[in-house]
*Asks:* 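Would you mind keeping the following structure in view while I ask a few things?
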Amino acid sequence: MAGASGEALSAPVPAARRRAFVHRLLRWGHVHGRRDFPWQQRRTPYRVWVSEVMLQQTRAVVVVPYFQRFMRRFPGVIALARASEDEVLRLWTGLGYYGRARNLHRSARLLRERHGGRFPRRLEELLRLPGIGRSTAGAVLGLAYNLPATILDGNVRRVLCRYFLLRAPPGAALERRLWELAEALVPERDVVLYTQTLMDLGATVCTPTSPDCARCPLKELCLARRRGCQRELPLPRPRHAPPTRRTIFLVLRDQDGRLLLERCPPSGVWGGLWCFPKGPPEGGDAAAWCSARFHCKVVDTHPLPEQRHTFSHYRLHAELCLLRVVPHAVVAADSGSLWLRPELPPPVGLAAAVRRALPAILKRGTACAAPLSSGFARAKTRTT
Ligand code: SF4
């Protein structure tokens with residue numbers, strides 16, 4: 001099968017072309033490779049793994065402070081395995097794609113149980129851990145153990161699509177070919193330098209919209225550059241406008257200024273994080289809904305600025321209604337809800353809706369003139 005006017009999707013890579021690719025890349029990497037990121041210092045399987053997971057869908061400069069905080073708090077697999085999920089998510093807050101953090105945590109526990117906290121050196125065993133795909137496993141084996149393993153992240157994909165002029169649309173056939181090429185190119189020696197350099201080239205020279213071919217060590221051999229179509233590759237996925245969902249968040253604030261939060265279901269976009277409770281369907285009466293659901297008296301209500309959030313598969317338009325309440329009964333008696341003191345550093349991971357709303361909430365002050373109800377069950381609420 002051939003990609004339209006591009007390279008056949010099954011042709012072997014001629015040995016001379018493979019050698020030239022590796023040789024030029026290594027020579028460039030010696031001089032221009034990036035060496036200053038914290039995960040490039042003291043490379044251990046654990047540090048490589050955490051950084052690779054953080055770097056999925058996130059730029060390196062954004063990852064740096066998160067990585068440093070994470071390493072200070074969880075310097076190794078055992079420390080991570082011992083932590084609570086809340087603490088892991090708290091340190092991940094702001095990085096997005098929270099399933100990554102939950103998988104990291106689950107994998108750390110499995111590594112402790114099955115491997116005594118050490119990383120296996122075999123691909124199949126790494127692939128059994130949640131959240132570790134072929135590329136992340138390749139990074140651990142290649143960058144930490146210097147084994148001839150393969151990485152295929154977004155940067156590497158882009159370089160290979162352009163270098164080999166792969167014009168096939170995104171899909172299984174292209175994916176298969178990219179893995180074949182990536183595996184065929186990995187050298188026996190200098191795996192660490194090769195792997196790191198390939199990723200660096202994609203991140204700094206062969207960039208998505210403005211590849212700097214004049215600086216590229218592969219420029220004489222790159223088929224896309226020869227055809228002048230480097231900016232068109234890789235072909236994009238067909239875009240569909242994501243649907244918009246609407247919701248109302250109830251920002252319950254008690255007489256002490258605390259906010260009621262609930263833990264989000266594990267599978268959603270804010271899975272495991274803490275967010276405001278959802279209110280009635282659009283057009284419903286937020287105060288009546290709140291009284292009925294939380295058995296509290298609503299003293300007054302106030303709208304907060306509307307929020308818009310964009311996720312990979314939908315957009316969320318959220319109205320927020322601040323309600324000063326006097327709880328008459330237990331409203332946070334189980335582990336699925338808590339009262340948050342908004343003026344203190346949060347002890348749990350907060351959904352973006354909460355983080356974004358906090359400045360407006362704090363600006364309104366904490367005063368509440370409502371009298372305490374005799375039924376207010378302070379002792380049973382969980383306060384943070
Ligand atoms: S020559 Fe240009 S398009 Fe080809 S790999 Fe280098 S930067 Fe990318």
Side-chain angles (χ1 to χ4, degrees), residues 2-37 40 52 55-61 134-135 138-139 142-143 148-171 173-187 189-237 239:
S5 330
E7 200 230 38
L9 282 183
S10 54
V13 186
R17 191 160 167 71
R18 188 179 74 77
R19 275 198 304 274
F21 183 92
V22 173
H23 177 70
R24 285 164 184 247
L25 206 62
L26 290 177
R27 207 173 47 188
W28 184 85
H30 272 297
V31 182
H32 302 286
R34 299 185 294 183
R35 293 176 179 81
D36 297 333
F37 289 119
Q40 295 175 316
E52 283 299 313
L55 287 163
Q56 289 162 10
Q57 285 120 353
T58 314
R59 286 179 309 124
V61 286
R134 217 164 141 188
S135 187
L143 292 172
T150 312
I151 280 189
L152 190 59
D153 68 359
N155 288 323
V156 177
R157 272 196 174 81
R158 192 165 53 254
V159 172
L160 296 184
C161 274
R162 289 171 175 172
Y163 183 82
F164 289 102
L165 195 64
L166 300 180
R167 288 183 186 270
L174 177 64
E175 204 56 20
R176 248 194 325 276
R177 182 57 176 154
L178 282 168
W179 275 107
E180 274 172 17
L181 291 169
E183 280 170 356
L185 290 168
V186 178
R189 293 183 307 160
D190 292 325
V191 178
V192 175
L193 179 64
Y194 169 83
T195 306
Q196 187 62 55
T197 303
L198 190 49
M199 292 193 291
D200 287 350
L201 188 76
T204 62
V205 176
C206 194
T207 56
T209 52
S210 41
D212 189 355
C213 299
R215 279 205 304 132
C216 179
L218 307 173
K219 58 179 178 278
E220 286 89 5
L221 302 169
C222 173
L223 297 180
R225 181 181 176 264
R226 281 190 200 164
R227 301 269 180 100
C229 62
Q230 57 272 44
R231 281 180 181 76
E232 293 157 32
L233 299 177
L235 292 183
R237 288 184 186 283
R239 280 193 179 273

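Throughout, numbering of the chain's residues begins at 1 and tracks the sequence. What you see below is based on every heavy atom in this structure, not just the backbone, and it leaves out hydrogens, waters and symmetry mates. Both counts, for ligands and for their atoms, begin at 1 and track the order of listing.
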*Asks:* Is it true that E232 and R227 make a salt bridge, defined as a side-chain N closer than 4.0 Å to a carboxylate O?
*Replies:*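 A salt bridge is absent here (no side-chain N lies under 4.0 Å from a carboxylate O).
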*Asks:* For atom 8 (Fe) of ligand 1, which protein N/O/S atoms are closer than 2.8 Å?
*Replies:*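 Less than 2.8 Å away from atom 8 (Fe) of ligand 1 sit C206 SG.
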*Asks:* So, does Q196 use its side chain to make a donor-acceptor pair with the main chain of L193 at under 3.5 Å?
*Replies:*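 A pair under 3.5 Å: no.
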*Asks:* Does R231, at its CZ atom, have more than 12 non-hydrogen atoms belonging to other residues, nucleotides or ligands within less than 6.0 Å?
*Replies:*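 Yes, because the 6.0 Å sphere around CZ of R231 holds more than 12 heavy atoms from other groups.
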*Asks:* Does R17 qualify as a cation-pi partner of Y163, given the criterion of NZ or CZ under 6.0 Å from the six-membered ring centre and within 45 degrees of its axis?
*Replies:*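 Because its charged atom sits under 6.0 Å from the ring centre and within 45° of the axis, R17 does stack over Y163.
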*Asks:* Quick test of your reading of the model: are R24 and E220 salt-bridged, counting only N-O distances below 4.0 Å?
*Replies:*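 The answer is yes: the pair qualifies as a salt bridge.
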*Asks:* Going by the salt bridge (charged side-chain N to carboxylate O under 4.0 Å, His left out) test, which pairs reach into residues 204-218, not counting sequence neighbours?
*Replies:*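 Counting only pairs at least two positions apart or across chains, the salt bridge (charged side-chain N to carboxylate O under 4.0 Å, His left out) contacts touching residues 204-218 are D212-R215.
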